[in-house]
Amino acid sequence: MIPTPHIEASDKDEFAKIVIMPGDPLRAKLIAETYLKNARLVNSVRNMLGYIGTYKGKKLTIMAHGMGMPSAGIYTAELFNYYDVDNIIRIGSCGAYVPEVKVYDVLLVTESYCESDYIEIVTGEKTRTIKPDLSLTEHIAMIAKKLNLPISKAKVHCTDVFYRKNFDDYLSIREQHGCKAVEMETAAIFANAKAYGKKAACLLTVSDSLVTKEVTTSQERQNSFTNMIEIALASV
């Protein structure tokens, strides 16, 4: 069923087997235009921009997935199921839950906990925690070490709610589930990968801290993503 309701490409060859996915469509555009050779737009439905090109001779797609599990879930499911994508690496931002995780640190996600039933609905498993693909995750860790770019492995909280009624909820989530940071998409992406027999992993850059209340500007976030982007690209 291509094109899909959300992706306009009419040919599976419009997508590479590996896709690097930021949340922000404009960040996808920036990455594609900066790093890809012969970058070409293959999706603009709802302005969820997707590009194909080559990186060091390797066919590669850069495409946004939007904010939240529903949005990320839609795009990754369609890429896995209809466009024969095999690997997805999410690159995004997160908020620190623990003092040892600092603003601008790069985290490699080892497990995701969510408060919704997304994982069960998609995979049929009664659980609210899910892991990325181990081989892809370890490959990314190896590449980061080779590039001499520091990363930390972390379990994250994948939340549906950005503006919670009780801000301090993060303290109990941190203690009960061992989460070091919070973001909004990993559980859906990992669940879809498991459901379709594909691979997914995630790199995150810390953009703010719930502990220290330190917050970066949009310009600082854009500039601080460079290490994460270079690790993801080199992993291709």
Requested in this report: Go through Arg174 and Val211 one step at a time and tell me if the side-chain contact (heavy atoms from CB on, under 4.5 Å) criterion holds.
Outcome: CA-CA 11 Å; Arg174 179 183 71 185; Val211 182; 4.2 Å; yes
Query raised in the report: Using the ring of each side chain (for Trp, its six-membered ring), is Tyr97 parallel, tilted or perpendicular to Tyr170, with breaks at 30° and 60°?
Result: tilted
Report task. Specify the closest pair of heavy atoms between Cys158 and Ser112, including all atoms of both residues, with the distance to one decimal. Result -> CB-OG, 3.3 Å
Report task. Would you mind listing every salt bridge (charged side-chain N to carboxylate O under 4.0 Å, His left out) that reaches into residues 40-51, with sequence neighbours excluded? Result -> Glu14-Arg40
Report, one line per pair, each donor and acceptor closer than 3.5 Å where one atom sits in a side chain of residues 144-155; sequence neighbours left out.
| unit_1 | atom_1 | unit_2 | atom_2 | d |
| --- | --- | --- | --- | --- |
| Lys153 | NZ | Glu138 | OE1 | 3.4 |
| Lys153 | NZ | Glu138 | OE2 | 2.9 |
| Lys155 | NZ | His177 | O | 2.8 |

Report task. Output, in order, the C-alpha distance, side-chain angles, deciding distance and verdict of salt bridge (Lys or Arg N to Asp or Glu O under 4.0 Å) for Glu111 and Lys131. Result -> CA-CA 4 Å; Glu111 191 172 15; Lys131 295 182 179 181; 5.2 Å; no
**Report entry** From CG (Asn87) to NZ (Lys17), nearest 0.5 Å
**Finding:** 10.0 Å
Query raised in the report: Is there a chain of hydrophobic side chains (I, L, V, M, F, W, Y, each step under 4.5 Å between heavy atoms) that links Tyr55 to Phe225?
Result: yes
Query - Listed once per pair and sorted, the ring pair (Phe, Tyr, Trp, His ring centres under 6.0 Å) pairs that draw on residues 14-50, sequence neighbours left out - result: Phe15-Tyr83
Query - Residue pairs passing the salt bridge (charged side-chain N to carboxylate O under 4.0 Å, His left out) test where at least one lies in residues 91-100, sequence neighbours excluded - result: none
Report task. Quick one: list whatever passes side-chain contact (heavy atoms from CB on, under 4.5 Å) with Arg164, sequence neighbours left out. Result -> Glu115, His157, Thr159, Val161, Asp169, Ile173
Query raised in the report: Got a sec: does the NZ of Lys37 have more than 12 other heavy atoms crowding it under 6.0 Å?
Result: no
N/O donor to acceptor pairs below 3.5 angstrom from side-chain atoms of residues 57-70, sequence neighbours left out:
| unit_1 | atom_1 | unit_2 | atom_2 | d |
| --- | --- | --- | --- | --- |
| Lys59 | NZ | Asp13 | O | 3.0 |
| Thr61 | OG1 | Ala16 | N | 2.9 |
| His65 | NE2 | Arg90 | NH1 | 3.2 |

**Report entry** Connected hydrophobic set around Ile121, excluding itself, where side chains approach under 4.5 Å
**Finding:** none
Report summary line: Rounding to 0.5 Å, atoms CG (Asp133) and CD1 (Ile88) come to a distance of 12.0 Å
Report summary line: CD1 (Ile189) and CD1 (Ile130) are apart, to the nearest 0.5 Å, by 11.0 Å
Query - side-chain contact (heavy atoms from CB on, under 4.5 Å) between Val19 and Thr76, worked out - result: CA-CA 9 Å; Val19 180; Thr76 56; over 6 Å; no
Query raised in the report: Does Tyr118 belong to the same Ile/Leu/Val/Met/Phe/Trp/Tyr cluster as Phe80, with side-chain heavy atoms less than 4.5 Å apart forming each link?
Result: no
Query raised in the report: With sequence neighbours left out, which residue pairs that include part of residues 188-212 fulfil the salt bridge (charged side-chain N to carboxylate O under 4.0 Å, His left out) condition?
Result: Asp86-Lys198, Glu125-Lys194
Query raised in the report: What's in the same ILVMFWY side-chain cluster as Met184, cut-off under 4.5 Å, chained through other members?
Result: Phe162, Tyr163
Report task. Using side-chain contact (heavy atoms from CB on, under 4.5 Å) as the criterion, list what pairs up with Ala96, not counting sequence neighbours. Result -> Val101, Val206, Ser209
Query raised in the report: Quick one: side-chain contact (heavy atoms from CB on, under 4.5 Å) partners of Ser235, sequence neighbours excluded?
Result: Ile89, His139, Ile140, Ile143, Ile231
Report summary line: On a heavy-atom basis, the closest approach of Ala200 and Leu136 is C-CD2, 3.9 Å
Query - salt bridge (charged side-chain N to carboxylate O under 4.0 Å, His left out) partners for Glu230, two or more places apart - result: none
